[in-house]
Structure formats: C-alpha cells, structure tokens
Amino acid sequence: MQGVSAPREQPAPVISTSSTILNMREKEKYIEDFEFPFCDESSKYEKVAKIGQGTFGEVFKARARNSSKKFVAMKKVLMDNEKEGFPITALREIKILQLLKHENVVNLIEICRTKATLHNKYRSTFYLVFDFCEHDLAGLLSNMNVKFSLGEIKKVMQQLLNGLYYIHSNKILHRDMKAANVLITKNGILKLADFGLARAFSVAKSGQVNKYTNRVVTLWYRPPELLLGDRNYGPPVDMWGAGCIMAEMWTRSPIMQGSTEQQQLILISQLCGSCTPDTWPGVEALDLYNKMELPKGQKRKVKERLKPYVKDPYGCDLLDKLLQLDPAKRYDADTALNHDFFWTDPMPCELANMLAQHTQSMFEYLAPPRRPGHLRHHHHVAGAAPKPPPAVQDSGYQDRVF
Amino acid sequence: MPYWYYDKKDLLTTPSSRDGITTEAENRYRKEGARFIIDTGSKMDLGYNTVATGVVYFHRFYMFHSFKTFPRYITACCCLFLAGKVEETPKKCKDIIKVAKSLLTEQKFASFGDDPKEEVMTLERILLQTIKFDLQVEHPYGYLLKYAKCLKGDKAKLQKMVQMAWTFVNDSLCTTLCLQWEPEVIAVALMFLAGKLSKFEVVDWNGRVPKHTAWWDMFVEDVTMELLEDICHQVLDLYSPQTQPPGAESPPGGAARALPKNDKRPSVTPPASVSPVAVNTNKPTVTPVKNGADIKLEPPKMDPMRFTYPAYPGLAPYPPVYSAPPPNIPPPPRLPIPTGPPPPLVYSEPPPSRFPP
C-alpha cells in the first residue's frame, strides 16, 4: 500500500517497500513544492475586474505584477462539476488556440495554475491567459455613441473574414460566431475569440460522412443547415454567422432573434425565402427537413429588407451572398474578401481613431442586456458523457467568452 | 513550446536516477508502464493514436518526476485517460480503472490507493502542468504510411515491410525513442529496419532526384547510417534477454519482493508481454557498420502471429476516424407558422445610450 491516499493509520503491510517510495504526507509536500518549470503560478497576475462569464468559467481582467501596463484576460477553467477531470471542451480549446497564431485570432499567452495546497485538496485551478482586448463587438454595437463609418464597418468585416479565412485554412471550425465573440483592441485590431465550441474538421471523403454534433452555435446566429439537423457541415456554418454579424453592424441588434429552433427557421425563411430542393439542392436529405413544419412559399427578401439599414449596394450584395440558405452557395471567406465591397470607395479604414474617443472599455457582459430572451443553446459535446447543464448559468447577461 | 527531445546523457540523469533508481530499473519501469498503457488501451478498443499519445505523456512525465514519487501504473492510467480526451476518444475514468484492475495483480493495483478515481483526478492536474499543456503529439504511424506510398517495388513485399515497420513502431513506444527523436526520424529508421528484415530493398521511389542517396533523403535531413542503426538497436534490444542486475530495486508501487509473473525469469525469457512479437532469445546479429549495404540483419524468429496485432489495425489505409455517437436530438417544438407578410425588421428597443450604466 504505497498509494497517494494510503490510509495513514493502517499498519504497513509486510510487503511494503516504504523506504523506496514517498508516504502520503511526503507526497503532498512534494506536490506543493514542485516548481513546474512550464506552468507559472496565477499569482504573477493581479485580478482587476470580472469581465465575463464563459462557457466553462469566469473571465477576469488582470495585470501582470511585474509590469503595470500589461493587461491580460484570465479565463478560469471551471472543474468543480467535472466528473471526468479536466474538461474535454477546455482541452479542445487549448489545443486549437495553441495551433492558431494570427493577428485576428485571440492570442493565448499561457496557462497558469494556482498553487496546490491542503486548502484546495492539492488540486490546482487553471487559467487560460490571453492578451487583453478592450472591447467586444456586441458591447460596441449596444452603445449608440459608438458610430461606425462605412469604411470602419468594412475594416471590421475585412478583419473578421481574414480571421475566418485563417482558421478555416487550418481546418478549424469556430462554431460560435456572434458579435460577443468578436473582440476589438483599443488599436482597432479585431480578434476572433472563444474557441470553446471549436473543433477540427476534415473534408468528407466520398462514401464517408462526418458526424459532428449540430447542437452548436448560439441560436440567433445558427445557420439553416444546423437547424435542419445537418451533421456533415463545414466552414459555411461560420460564414452564416459572419453574415449575421455584418448585418448587425448596421441594425445594431441581432437580425434574427428566434426563441426556439423552429421559430429561428421561420425567421430565416422570412428573410432568405423558404428552404426548398429548388433553391437548395439536397435540403430534402437533411434529418429534420421532413420532420419539421417549415414555412412554404416565402420569397427571398434579403436585399429588400436590409437595404433600409445598409444602404450601400455592395454591402447589400455581400450580405446576400453570406446569408445564402444553401451552404454550398454561401460565399467562403476568400471569395467574400474579394468582393467589391472591400475594394470600392470608401475603402476600409482604421478603427483606432474612432475608438480613441471611447476610453471606457466596452464589454457586452458589462452592458445592460440588449434584449430579453437570449438563448445560448446548451449543447452536448459529442463523445462526452451527458452532463447536466453547467452549474454556472448566466442570469440576464449574455454569455461572453474570450 | 517546450522542447521534448533529450540527449542520451540527459536520459541517464533523470529524476528517478537522482532518486537512486538505476537506469536499468528505470527503463524497465518505462517499458512496463508503456506496455500497460498499450494493453489497457487495446482492451478498451482505443486507437493506436490515443495509445501512443498516452505513452508519450508517460515518458515525458518521468523526465520531471521520479518513479519513487509516482508509481507507474496509476500514472499510466492517468496518461491514457488524458490521451483519450485529447484524441477525441474519451473513456470514463472508472472504466479505465476497471480494466487496469483486471490487468494488474492485486499487489500492483494496491498502488492506486483507496479511491483510485480521485487519485487519477489529482494526478491529471500534475500531469497537465508537467507536460505544459502540450497536448498535441505526433507519432511515426502517419509518416510511415506517407513514406510507404512513395516507395516503388513489389506490392506484397512492400505491404509486408510496412506491416513489420508498423509493429516496430508499436514496440518502440516501450523505449525512450520518443524522447530522443522526432516521429519522422523514427518512422524512417524502423522502415529501414523492416526493409532489411523483410528483404525489401528500395531501389526506386516517386520524387527521386539525383542527389538522393536513399529514399529517406526526401523526407529527413542529416540522418546518418549510425543514427538509423542506433534507433534500430534500441528497438531490437526490447526483444533481447535482459539481465536484471543483482540487487536491482523492486519496482516502486508494485509488488516489492514477489516479482510479477512476467518478470520471474527475466534473464532467460523476456516477458511475453513486451510484445506480441515472438521473442528470439538470441540477440539478432547486428553488426554496426558504416555502410548500410554491408549491414547484415537476421530477422528475429517470428511467430506467425507476429503481424496480427489484435486491437491495432495491421495496416489501416487511414487512421480510423472517431465518430461520436449521435446526440439525442429531441424534436423541436412545433410553432404555428404565422400567415401573412413577415413582420418588418424593426429593432424597436433602442440600445442603451449610455455605457456603462
């Protein structure tokens, strides 16, 4: 009996080689004192404020103790309710963030830990440490004082599409595109954030289809193929979200705010027309196409209905291309970046000057809720044991994750 | 990112060796731990990638901790548990422990303590910090298949060679090769070995250019014959009899005096569990030579079973893709479809004008 938790009182069995291995108390001391050369203690940062509530934990703004100027965002890995140890979702996010290094993707600096002590039963808490970003797009859009010029909107969308082009080239799907997950630094650099739902994808080989969970993406930004039960989806799911976010740059609120999946599909049909095999070949093969009551005879009115807000004809045209029902017809990031919208006057222009007028950090989490009834779909992670809804539920606040 | 490759001299000054464990004993613990991960993983139908990732975590872990501090079998379980999640083939901790228990003697399982699951949970955090969350690990398998596709020659012979190399890669997990060389180099070396043993000589390959002296020049640089032979020997040593030095320490965390069955006569019969490879008790005659053409390697006497590695695919054209069981999708609630024109896009509720409140 030389295990870590060998009972202390019990006499050591005769076969024990207690001289060769540590007893429990020695082991605890060992764990407490071990300087993990690759994993710093979180005490090197000083928490300044709580700025968000993520899918698997809280997010804090913090300052590096050795430099008063360097701010970071620390995302706590919530493990209290995990029966299966370190959450697989957090492992995915870490793997993906380590892979992705791009100006328009949030940068993971390191992973920190709290010291293991008797107090925490020798179990450290972990934090993902990111470069700090002052704003998120949802927060900026909810503040009427923040006004984006057409050139600035172009810059936002150009950076967003650049980020998507990069992650899709690296065979990663974000799967949770929404304004709250688009961060913007005070210098006007956009960063895609929250890869908590992201996953690697492979191009399905003939005769072999992917089976991804379709319980992803916040409902209001969820594309029609996911709502119809597609499990062999790809980058177009993120492009739909990009379209929703783009429209939101003018409407300043999410354009389709369904409260159920079916209602979301109705809203989509009212904007983009009915889902039919004519406009969308193959839609009839999707699981829920025949199981759901779907609006029929709706005409596509994307340009017509968004024109009063968007005005710019190129912008309307790009939105029309991003909000395509048929994922095969939806523009990919590369094609979208080549659209005339980005190559006609006014050209994309830097955001730094405009943002300089707003010194207060703007996070959706800190803003009053824009609208009641926001639902983030609680997804079940494929392959993981079914679990109850996370213990930490945001109340009134929208999920906001780095 | 940390650098995970070590010189041979670094491998002699590990935490275990500083803790008084001989190199021979440490290597045996590493081998047993790796073997145990392979056996547990195979029994649970985990793929070779997951198993190999778990083994690499295991070897890396003991570059920072001693086998005296952390008994090897529970560490092995923890590595497999984490690898399952990282490679998207998660297994429940309690199921891994159940299988582990079935594979270990009662005495060895005693090292798991009173609450094995809690032990694994605590250990997982230590493991993650030790490996710096460097979760993604590459293995030689993929390179092996990639390289094989470029080689020309008799198809059946090539197939046989690849299959043999695949088995060598499996077995190489029981060595510290993954702490010494990149997976590309290991793949090349073990294909070289398998080629020699199966008498498959590569004379031509796709993508050959005049400056190439061997097919692997296309894929790896500065790989000398000495290096290839050194790698081959490290694997071949697994199949040779081992002499346990007198007074060698008993494995910590395991049975102290009562040697496990497999280790009873280590000097004569290598443990059968080392490999499904039938073991040749005579060390194959490998003469290190400068010139590869002169190398004389006799294949170890092989059991016909050699190339049927139960839970591992002999030679999968592609690694099996993990597909999660479909989630239970409840039918969506039905709403009446409103008739008439759609409501206009109105964003009636103006966003707050002042921020923050």
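Naming convention: chains lettered A, B, ... in sequence-line order (proteins, then strands); numbering from 1 in each chain.
- A distance of 11.5 Å separates CG in B:Leu135 from CD1 in A:Ile96, rounded to the nearest 0.5 Å.
- At least one side-chain heavy atom of A:Lys95 sits less than 4.5 Å from a side-chain heavy atom of B:Val86.
- A:Arg92 and B:Glu88 are joined by a salt bridge, as a carboxylate oxygen and a charged side-chain nitrogen come within less than 4.0 angstrom of each other.
- How far CZ of A:Phe86 is from CG of B:Leu127: 11.5 Å, rounded to the nearest 0.5 Å.
- Without hydrogens or angle criteria, B:Lys85 side chain to A:Glu84 main chain gives a donor-acceptor distance under 3.5 Å.
- Here the options are B:Lys117, B:Lys92, B:Met121, the test is side-chain contact (heavy atoms from CB on, under 4.5 Å), and the partner is A:Lys83; only B:Lys117 passes.
- Summarising the geometry, atom SG belonging to A:Cys39 is positioned 12.0 Å from atom CD1 belonging to B:Ile126; distances are rounded to the nearest 0.5 Å.
- Not one N or O on the side chain of B:Gln129 forms a donor-acceptor pair closer than 3.5 Å with the backbone of A:Arg113.
- Of the possible donor and acceptor atoms, one in the side chain of A:Gln98 sits under 3.5 Å from a partner among the backbone N and O of B:Phe133.
- Annotation: side chain of A:Ile31 is not in contact with side chain of B:Thr69 (no heavy-atom distance under 4.5 Å).
- How far OG of A:Ser124 is from CG of B:Leu128: 10.0 Å, rounded to the nearest 0.5 Å.
- With rounding to the nearest 0.5 angstrom, the NZ atom of B:Lys132 is 8.5 Å from the CG atom of A:Asp40.
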